[in-house]
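Have a look at the structure below before the remarks.
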Amino acid sequence: MSKDSSDLFGALFEAAPAKSVMSRTVPVLVPMPAPRAYSYAVPEGMAVEPGSVVQVPLGPRQVIGVVWDGDDDGGVDPKKLRPISHVFDCPPLGKQMRDFIDWVATYTLSPPGLVARMALRAPAAFDPEPMIEGLHFIGGQPERLTPARAKVMEIAADGLSWTRLGLAHAAGVSTSVVDGLISQGIFETIFLPPPPVVAKPDPEFTASRLQGPQKDAADEILADVRKGEFAVSLIDGVTGSGKTEVYFEAIAETLRRGKQVLILLPEIALTASFLERFQDRFGAKPAEWHSDLAPKMREKVWRQAVTGEVRVVAGARSALFLPFEDLGLIIVDEEHDPAYKQEDRVYYNARDMAVVRGRIGDFPVVLVSATPSVESQVNGQSGRYTTIHLPTRYGDAALPDLHLIDMRRHAPERGGFLSPVLLRAIGKTVAKGEQALLFLNRRGYAPLTLCRVCGHRFQCPQCSSWLVEHRFRNQIQCHQCGYAERTPEACPECGTLDHLVACGPGVERIAEEVERHFPDARTIMLSSDIAGGVKRLRLELDAIAKGEADIVIGTQLVAKGHNFPLMTLVGIVDADLGLANGDPRAAERTFQLLSQVTGRAGRTGLKSHGLLQTYQPQHPVMQAIVSGDAGAFYEREILERERAILPPFGRLASIIVSADSRQDAEAHARGMRNAAPQVSGIAVLGPAEAPIALVRGRHRFRLLVHGRRNSDMQAFLRAMLAQSPKERGSIQVQLDIDPQSFL
DNA sequence: AGCACGCCGACT
DNA sequence: GTCGGCGTGCTC
């Protein structure tokens, strides 16, 4: 076509009222780090509204997007405009969900498209689930009644609908027998709606058996639930105090009011035993939602949450972005758990965002923990959250007696790490036929290996942390970045053979020591990297609960949720571990972890003990744990935080930058100082203190922003982004500590 | 985020 | 001479 003719077409187009001008343009959030929605044309005859889930062309591919609110700005070059390809036949995301997505995007300074994507993580779930093909028995006689045919007809005579395969299976014949009967008109094919993923939970399946403080606590929360308005409660009670039973009553009440419920749990706590407990109370299991849900199941749960068929979902943090039809309550169990933080792409803390979702949807949120986060503790003290204390254990369970072992006075034998006091206690426990748990939060055999001849230390070539020896796998591994190599026999520096020494203990080494001392005891060692994966882990945990082990040595995965009825001794091998790293939350994490581990013992009423090996018996965390005085710990920790990371730097507080390398971090910090001279508190963390995935190509760094007033932080970060637009998309922001501004 | 394009090193 | 690494830029 010549240039002239195209001009001619252009002229014609202007002369007549152009159709393209008539066609509507809408904003669509696409799964891409763009700062705002893109514009798409709505083809003639296509009906879309804000919230509609659509398929749109984006560059060379088709992607899932959501039609968004607001007038389209029309600023985009009309030549770029492309039409929406398809509208999915699924309920549009509601206004509350859209507001929530916008809020999260603004708060975390994430591209809204990437936040929206989290709500649409169920490929192929957006069109209706296909109907199930069923067979319905009409009656009549086939031409030739063989024994196989008779059997099929006898079974199908119940009048219920059967699937082709199911019927053949039940009759013990092949599907071709059934096919024969279908072709003879004995059966008709009908279409049935897909079955629900889970049965409806029944709030009256069992009556509440709560009493005393549990009953009072439940009543307090029920008052909020009945009002059906936004309110945040913090249930604070020791392990075994009946927290779950209390929030189950809140769930029951919400179900009676006809609303959906979301239970958030750290992935690791979403266990079969939790689901069974729920089933015991409600007669049906909740739907599950977590990262390794089978794709088919994922689609079903997503769709049925959207349509309202599923009433209760128990899920890991990503479940917070399920677009429920009518959500009326969120429970955040183990609210202090760091697993609620997502630290890639969109940075968010599901615990805080759950509170936001409750406020936007105007329904109650219940946070639950034996060791609440300092943030929630502060919010409780200031009255923003209603704190409900459950001070005692339930039934005949009793907390273990806790004692510190001062390792300076009770030193282990040479080459060992277990003090004589702890070894004696293990011996006594095993002799009584009870179980002992040794806890050390360090995988592998030894955290550092060095050459006795030249002093060479094995360091990770990628990220400079020490390589950890894993003797069972004959590997040395980097626990920061995953680098691994075979354990060498000779020192790579001086070439000397057999002179490498392991420094310090890991669980493998403790297991070795235990086996040396108690050769006849049944010993199980558990860490996240055991051969056989999650499946094997489950089996081992079950075996322990059944009493098939005498001594268990484990990392933090034994701390979470599992009940071991025969466990009467918990030994913390190195209670100080974790207090020394640069994390501003070191004390809090240690307190939480050690409280959880010691809480594993004593749940059946047997007399139980906890022994904590420490070099710092005067440390506030140790004192708080043995005295059971959590209040003192929190008081102190809150003050420490005020001093250390909330210094009064004018209106802005402190900023912590961490990056792939310390040089990067320092360069960024310099840039920030120039961009915002009013901020005097900038701390720099290198990768060892704050591990970050190495991302090639693009710089990627992380700001941990600590502040009292989120709006100030936001304003500052926005200003910074405006100054260096190139950093947009590569800066990931996590606003910490400050869950205040959204209330 | 994903994908294409485009530029330089080791190989069928 | 190509295959393929990853740095750069773009997507309504």
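Every chain is numbered from 1 and lettered A, B, ... according to where its sequence line falls, protein lines coming before strand lines.
- For the pair A:Arg82 and C:dC12, the criterion of a side-chain N or O lying under 4.0 Å from OP1 or OP2 is met.
- To the nearest 0.5 angstrom, A:Leu264 atom CG is 12.0 Å from A:Met353 atom CE.
- The separation between A:Gln62 atom CD and B:dA1 atom C1' is 16 Å, rounded to whole Å.
- The distance between atom CG of A:Leu58 and atom C1' of B:dA4, rounded to the nearest whole Å, is 13 Å.
- As a whole-Å value, the separation of A:Tyr38 OH from C:dT11 P is 7 Å.
- Proximity note for A:Pro60 (side chain, C-beta onward) versus B:dG2, B:dC3, C:dC12: the nearest is B:dC3.
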Which pairs of donor and acceptor atoms, one on a side chain in residues 312-326 of chain A, lie under 3.5 Å apart (sequence neighbours left out)?
residue  : atom : partner  : partner atom : Å
A:Arg317 : NH1  : A:Ala339 : O            : 2.8
A:Arg317 : NH1  : A:Lys341 : O            : 3.0
A:Ser318 : OG   : A:Trp289 : NE1          : 3.2
A:Asp326 : OD1  : A:Lys259 : NZ           : 3.3

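- The distance between atom CD1 of A:Ile64 and atom C1' of B:dG2, rounded to the nearest whole Å, is 15 Å.
- For the ring-ring contact (aromatic ring centres under 6.0 Å, His included) test, residues two or more places apart in sequence or in another chain that qualify with A:Trp302 are A:Phe126.
- The distance between atom NZ of A:Lys79 and atom P of C:dT11, rounded to the nearest whole Å, is 13 Å.
- Inter-residue side-chain proximity for A:Glu267 and A:Ser291 is flagged as met; some heavy-atom pair is nearer than 4.5 Å.
- Across the protein-nucleic acid pair, A:Met32 atom CE and C:dC10 atom P stand 12 Å apart, rounded to whole Å.
- Spacing between atom CG of A:Asp77 and atom P of C:dC12 amounts to 11 Å, rounded to whole angstrom units.
- Here the C1' atom of nucleotide B:dA1 and the CG atom of A:Leu29 are 14 Å apart, to the nearest Å.
- Looking at heavy-atom distances under 4.0 Å, A:Pro27 makes no contact with the nucleic acid at all.
- Residue A:Arg61 places none of its side-chain N or O atoms closer than 4.0 Å to OP1 or OP2 of C:dC12.
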